[in-house]
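In what follows, every chain begins at residue 1, and chains take the letters A, B, ... in the order their sequences are listed.
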Amino acid sequence: GAVVSQHPSRVICKSGTSVKIECRSLDFQATTMFWYRQFPKQSLMLMATSNEGSKATYEQGVEKDKFLINHASLTLSTLTVTSAHPEDSSFYICSATNQGFEQFFGPGTRLTVL
Amino acid sequence: KQEVTQIPAALSVPEGENLVLNCSFTDSAIYNLQWFRQDPGKGLTSLLLIQSSQREQTSGRLNASLDKSSGRSTLYIAASQPGDSATYLCAVPGGGGATNKLIFGTGTLLAVQP
């Protein structure tokens with residue numbers, strides 16, 4: 001149990017385009033989902049916390065207009081990187097929790113912006 | 001502000017050795033601490049979660065300890081195998097709630113030589 005999926009696993013796009021990443025909890029209802037970003041050889045940094053049916057809470061320094069987060073249901077959250085630029089290239093990982101003590105992580109999405 | 005650090009940053013050992021990874025955190029008021037494994041280009045696999053009331057948790061060849069008062073946790077890996085090669089991350093909740101955002105350590109890159 002407690003499986004979280006992400007789609008796509010890898011995406012390459014041109015600078016200026018928008019990219020949507022999906023995070024799904026497959027076998028449980030996720031009241032809260034988190035979005036992390038990981039640059040090469042660095043640890044995970046939280047970008048935002050997403051609660052179902054409400055606006056996401058962004059960490060300091062994360063542009064909410066650039067990284068749009070939608071958590072419309074208890075099993076799906078989406079992260080849209082708008083007008084992507086090469087510096088947005090990173091590994092994006094989501095996690096989900098159902099108010100328990102553990103967060104369950106997705107397999108990640110590798111974004112490369114040319 | 002909670003800060004989590006891990007030492008060493010990298011470790012290389014021959015197969016069969018027992019080893020210890022260290023994690024320290026600045027704010028001892030934590031609800032739990034988790035250890036994760038991350039293979040290159042992949043998401044996170046949860047290894048062990050220790051509640052604040054516990055002193056250690058074991059899973060197979062892995063044993064994690066927690067000393068809240070000193071702000072430290074260790075991950076002990078017995079009889080290491082090449083398949084244990086990965087980056088190991090520890091994480092603690094960053095806020096007042098057990099389901100709050102996770103603050104990750106800097107990670108330890110482990111290489112087990114056959």
Requested in this report: Side chain from CB out, backbone as N, CA, C, O: work out which of these in A/L44 comes under 4.5 Å of a heavy atom of chain B, or both, or neither.
Outcome: both
Query raised in the report: When rounded to the nearest 0.5 angstrom, what distance separates NZ in B/K101 from CD in A/Q103?
Result: 11.5 Å
Query raised in the report: Looking only at side chains, do B/Q38 and A/Q38 share a donor and an acceptor under 3.5 Å apart?
Result: yes
Requested in this report: To the nearest 0.5 angstrom, please state how far the CZ atom of A/F105 sits from the CD atom of B/Q34.
Outcome: 7.0 Å
**Report entry** Gap separating the OH atom of A/Y36 from the CG atom of B/L44, nearest 0.5 angstrom
**Finding:** 9.0 Å
Requested in this report: Identify which part of A/Q42 has an atom lying under 4.5 Å from any heavy atom of chain B, answering side chain, backbone, both or neither.
Outcome: neither
Requested in this report: Count the heavy atoms of every other residue, nucleotide or ligand shown that sit under 6.0 Å from NZ of B/K68, and state whether that count exceeds 12.
Outcome: yes
**Report entry** Residue part contacting chain A, namely of B/S46, when any heavy atom lies under 4.5 Å
**Finding:** side chain
Query raised in the report: More than 12 non-hydrogen atoms from neighbouring residues, nucleotides or ligands closer than 6.0 Å to NE2 on A/H7, yes or no?
Result: no
Query raised in the report: Counting N and O atoms only, with roles assigned by atom type, does the side chain of A/S43 sit under 3.5 Å from a partner on the main chain of B/G107, one being a donor and the other an acceptor?
Result: no
Query - Whether over 12 other heavy atoms sit under 6.0 Å from B/R72 CZ - result: no
Report task. For atom CZ of B/R61, decide whether the heavy atoms of other residues, nucleotides or ligands shown that lie under 6.0 angstrom number more than 12. Result -> yes
Requested in this report: Examine A/L76 and A/M47 and state if one hydrophobic cluster contains both, with Ile, Leu, Val, Met, Phe, Trp and Tyr joined whenever side-chain heavy atoms are less than 4.5 Å apart.
Outcome: no
**Report entry** Single-linkage hydrophobic cluster B/I30~B/L75, side-chain heavy atoms < 4.5 angstrom
**Finding:** yes
